[in-house]
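These notes concern the structure reproduced below.
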Amino acid sequence: MKNKVKYRSAPGVDVEVFLADAAEEFKISHVGIIEIIQNFHREMERGLGREESTLKMLPSFAGRPSGKETGDFLAIDLGGTNLRVLCISLEGNGRYSLKAAERFVIPPALMGGQGAALFDYIADCLKASVERNKINACIFQELAFTFSFPVEQLSISSGKLIQWTKGFTVAGVEGNDVVQLIAEALKRKGLEFIHVAALTNDTASTLAAGCYGDPACDMGVILGTGTNACYLERIARIRERPELTDWRGEMIVNTEWGNFDAGCDNRFDRMLDGASLNPKKQHFEKMVSGMYLGELARLVIVEMVEKGLLFEGINPAVFSVAYSLTTEQMAKTKEAMAFLNDFSMHDVSAADRRCVSEVFRIVSERSARLASAGIAAVVSWMDADIELLHTIAIDGSLFQKYPGYQACMRTLLSELYGERANRISFVPVSDGSGIGAAVVAAVADASHTSSSPLRVAPDKVFYRCDTE
Ligand code: BGC
């Protein structure tokens, strides 16, 4: 910590006062939560009628799965920094078996490169995975594509990317049909016999995976690198969509709540937003999701250092770099602060560790309360007095791994609904986006396969049909 600017604490500025003020800035009162829910409902209403809204309310062209779906599917899931490739056999009655499940890291250069390079990489990963796992190409020809970005779907198997989120800026994809882009990449790799049976958002896949095992499931939520939610909406409430004229009953609607403006941003949120790749977009995501919590905490910590309130006024290099503090580090080190050692900060006092811990609490608790307010808004939209049972299928590392996060979400529901909060259950759905995409594809495939010609895999690709 030598040769660094040393900040002195300004007269009268006290650590406890600063932390209390910061807690106040990140706090959302009960009244504030109610207002957020009311505002959310107004935006839902507008989005469902295709009026201007911060909630896109995108129809998915997928109805409620019955749980009886069967079939063999390849699934790819492009979520954030990872690509998942799965090979799934749905056995009906909520049962399935995974023949393969692999994770690939998206090279950072591809997240900002050209569309063809990204889709070629996805096709390469799919090919490598099925070859390695000796997947029978005669059986697994239907592909379910979970694409975790806002897409205006044109049908169950086509849709145009509206805009990238989560740090992606790949050229030549926005405004284009991502199914066509993956189909072209598959063709370039000699995999043209693979048919994209369904395109889904990760929330829709998570909901479908939830429904597959539990008919009371009516909402899917992602709390991970990004955040979003979908739910089952009555077709009659979705307006100005002539393409849905033939639909009856319910359809999964993707809210794209990451873009919701909760109207309670503070100066740290505004700093983060201003320096982001997508200013003035994805407000809710920037307050809630794993991609941003570390950065929000870092901004608070840097201000404390600059006021001479932390680390003896010396800003360690690691905290000077945007996004150097990750939400994963916050989650793993809530108590022990071991990440400070990772950053070669071995001599941090107990008092400073407590301050950092308090900053993490303030930032993560707001995230959990907002996420839970979003769930309350969607559930109360479906069922104003919470008279029915609702199962919420949830996936994402923030929900699954951040200590205390789920408890904080539950506390908010109890504050809002008392005993009735017990009618809302959170069900963690790991791998939901892969399995659920297969479930959605199975529903779509039932109508598709009867008329489609048999596609034959070339001998050289994957595993020969007659060798299984
Ligand atoms: C995307 C959503 C996605 C969510 C979670 C957001 O950035 O806009 O489509 O569901 O991340 O992955």
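Bear in mind that the values here come from a model prediction, so they are computed numbers and not experimental data. Atoms within a ligand are numbered from 1 in the order they appear, just like the ligands themselves.
Of the protein's non-hydrogen atoms, the one nearest atom 11 (O) of ligand 1 is Lys166 NZ, 3.2 Å. In terms of protein heavy-atom proximity, atom 9 (O) of ligand 1 is closest to Glu256 OE2, 2.5 Å. Ranking protein heavy atoms by distance to atom 5 (C) of ligand 1, first place goes to Asp202 OD2, 3.3 Å. Looking at atom 6 (C) of ligand 1, its nearest protein heavy atom turns out to be Glu285 OE1, 3.0 Å.
In this structure, the ring of Phe260 has its center less than 6.0 angstrom from the ring center of Phe40. Side-chain rings of Tyr405 and Phe399 stay apart, their centers remaining 6.0 Å or farther from each other.
Counting only distance, with no hydrogens or angles, the side chain of Arg239 and the backbone of Ala236 share no donor-acceptor pair below 3.5 Å. No donor-acceptor pair under 3.5 Å is formed between the side chain of Gln114 and the backbone N or O of Ala116.
For ligand 1 and Ile222, the ligand atoms under 4.0 Å from any heavy atom of the residue are 5 (C), 12 (O). Near Gln282, the atoms of ligand 1 lying under 4.0 angstrom from a non-hydrogen atom of the residue are 7 (O), 8 (O). Against a heavy-atom cut-off of under 4.0 Å, Pro150 is close to the following atoms of ligand 1: 8 (O), 9 (O).
Nearest residue to atom 4 (C) of ligand 1 from Leu223, Asn228, Asn278, Leu161 is Asn228 (criterion: closest heavy atom). For atom 1 (C) of ligand 1, the choice among Ser148, Gly258, Gly290 with the nearest heavy atom turns out to be Ser148.
Of the candidates Ile394, Thr391, Thr203, Ile375, Met219 forms a side chain to side chain contact (heavy atoms under 4.5 Å, CB included) with just one, namely Ile375.
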Report task. Check step by step if side-chain contact (heavy atoms from CB on, under 4.5 Å) holds for Thr255 and Lys56. Result -> CA-CA 6 Å; Thr255 64; Lys56 295 189 180 69; over 6 Å; no

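Under 4.0 angstrom from ligand 1, there are no non-hydrogen atoms of Thr225.
Within 6.0 Å of the CZ atom in Arg241, the count of heavy atoms belonging to other residues, nucleotides or ligands exceeds 12.
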